[in-house]
Participant: 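The following block contains the structure, expressed as structure tokens.
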Amino acid sequence: MLNLLRSDLYRATRIRGLRGLMWQYLLVILVCTLLDTAGLWMSIRAGAVPDVSALITTPSTFIAKQSLGPSSIVVIASAIGLTEFIFSDLGDSYMRTIVSSLRGRLPYLAEKIVLAGVWTGILLIASCVLALIAFWVLISIPYGIGFSKMDDALPVVAWVLESWLVSWASALISLPIALLVRRKLPTYLLVMIAQLGFMSFALTLGANIIQAQGGSSPLLESLASALLVAAMWLPETVLGTLSAGAGIMGDASQLMTFAGPLPTWLWALAVGAVWLLLSGGMLILIGSKRDL
């Protein structure tokens, strides 16, 4: 499995001619980061943002707005990139050759789960670094604007690790989709739908409509509550909350339990772990049944 992981990472990071997959997606993230930061630069120049320090208080708040959110550029790039790994393996019966040289399909599928974590981590770290560089070059140097304060170490560590965990779990959804559908265009469409925040929006909208139309019906109130709880267990909802930065890790989340609301760090950890198990389990189940 380690040799296969090493091979995949080599394919993704080939420097010669920048043909590796990683360089292509880093370029996409760089362009998106520059566009977002340039928008802030233009707003400051036009006087539309009188107090930037109040808007961006810490490094993590700026990074989070660039990298995370219900439609996170990091997760979208990670998910689409992972589907390209699968389609590359499916071509020319490469996947079948690899599986036949291993002890069954499980090592191959387990490696793809690990690859998803490493791949997502690389893109997330790169996005954070590029966001800070863009802030320094386009905001700090021209306008002399800095952050109001620095983040505390422990919340930042928890925020980075759990942002990675939830992003990993969300991006991993693309692998069972690709292995099940096998056709590029439908796969990319389904992956984009899964990563653009449509599910949480639809569930929340449905709950709001039911609450507005249902009056005092206990059945409809229960249905609306169930839809809202379901939305809270989606990775995109957690990523939207984490886009506020590391300062919210100790705050109470909107997910209620019998003992009260869960803290944000525990909510993000639970959602990330659950979806990592679900996505990994679906990949192993589909991979063990489909013809490779």
Side-chain angles (χ1 to χ4, degrees), residues 12-13 15 18-46 48-49 51-84 116-151 155-157 159-168 170-171 174 188 191-192 194-197 235-236 238-248:
T13 58
I15 297 178
L18 297 182
R19 295 178 181 178
L21 201 62
M22 184 184 75
W23 309 112
Q24 302 170 23
Y25 284 92
L26 287 181
L27 179 60
V28 171
I29 291 175
L30 173 61
V31 170
C32 292
T33 300
L34 290 176
L35 288 175
D36 284 344
T37 310
L40 178 60
W41 177 83
M42 294 176 64
S43 298
I44 295 172
R45 187 174 183 179
V49 186
D51 191 359
V52 180
S53 297
L55 179 65
I56 305 171
T57 55
T58 65
S60 72
T61 56
F62 181 77
I63 292 171
K65 286 178 172 58
Q66 301 281 340
S67 305
L68 302 177
S71 53
S72 164
I73 181 60
V74 171
V75 176
I76 293 172
S78 300
I80 297 296
L82 289 171
T83 62
E84 294 200 43
V118 175
W119 173 250
T120 305
I122 291 173
L123 296 187
L124 178 61
I125 292 171
S127 178
C128 293
V129 172
L130 291 173
L132 289 176
I133 293 174
F135 180 85
W136 179 61
V137 172
L138 295 177
I139 307 299
S140 185
I141 292 179
Y143 299 111
I145 296 173
F147 299 111
S148 303
K149 59 181 180 179
M150 301 305 292
D151 294 288
V156 165
V157 172
W159 176 73
V160 171
L161 290 177
E162 295 192 5
S163 296
W164 167 65
L165 175 65
V166 179
S167 298
W168 176 13
S170 184
S174 65
Y188 290 142
V191 169
M192 291 299 292
Q195 303 300 341
L196 286 177
E236 58 207 54
V238 178
L239 289 172
T241 301
L242 293 178
S243 66
I248 51 88

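On a predicted model such as this, the values are computed, not experimentally measured, just so you know.
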Participant: Let's go through Asp151 and Trp159 carefully: what are the C-alpha distance in whole Å and the side-chain angles of both, what is the deciding distance for side chain to side chain contact (heavy atoms under 4.5 Å, CB included) to 0.1 Å, and is it a yes or a no?
Facilitator: CA-CA 11 Å; Asp151 294 288; Trp159 176 73; over 6 Å; no
Participant: Report all side-chain donor-acceptor pairs from residues 25-35 shorter than 3.5 Å, counting only partners two or more places apart or in another chain.
Facilitator:
unit_1 : atom_1 : unit_2 : atom_2 : d
Tyr25  : OH     : Glu84  : OE2    : 2.4
Thr33  : OG1    : Ile29  : O      : 2.8

Participant: Checking side chain to side chain contact (heavy atoms under 4.5 Å, CB included) between Ser170 and each of Thr120, Leu165, Val75, which is the one that passes?
Facilitator: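 Testing each of Thr120, Leu165, Val75 against Ser170, the sole residue satisfying side chain to side chain contact (heavy atoms under 4.5 Å, CB included) is Val75.
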Participant: With rounding to the nearest 0.5 angstrom, report the CD1 to CG distance, Ile63 to Leu130.
Facilitator: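 Reported value, rounded in 0.5 Å steps: 10.5 Å.
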Participant: Would you name the heavy atoms of Leu242 and Ile248 that are closest together and state the gap between them?
Facilitator: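 Nearest heavy atoms, Leu242 then Ile248: CD2-CD1, 4.1 Å.
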Participant: Does anything in residues 125-138 pair up under side chain to side chain donor-acceptor pair (under 3.5 Å), and if so which pairs, sequence neighbours excluded?
Facilitator: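 Listed once each, the pairs are Ser67-Ser127.
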Participant: Closest approach of Thr37 and Phe62, non-hydrogen atoms and distance?
Facilitator: OG1-CZ, 3.8 Å
Participant: Please lay out, stage by stage, how Leu239 and Ser167 fare under the test side chain to side chain contact (heavy atoms under 4.5 Å, CB included).
Facilitator: CA-CA 8 Å; Leu239 289 172; Ser167 298; 3.7 Å; yes
Participant: Rounded to the nearest 0.5 Å, what separation is found between the OG atom of Ser174 and the CD atom of Gln195?
Facilitator: 7.0 Å
Participant: Please test Ile73 against Leu123 for side chain to side chain contact (heavy atoms under 4.5 Å, CB included), starting from the C-alpha separation and ending with a verdict.
Facilitator: CA-CA 10 Å; Ile73 181 60; Leu123 296 187; over 6 Å; no
Participant: Might you point out which heavy atoms bring Thr58 and Met150 nearest each other, and give the distance in Å?
Facilitator: CG2-C, 4.4 Å
Participant: Find the distance between CG (Asp36) and NZ (Lys65) and round it off to the nearest 0.5 Å.
Facilitator: 11.5 Å
Participant: Answer yes or no: is there a side-chain heavy-atom contact under 4.5 Å between Val160 and Ile125?
Facilitator: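 No. Closest side-chain heavy atoms not under 4.5 Å.
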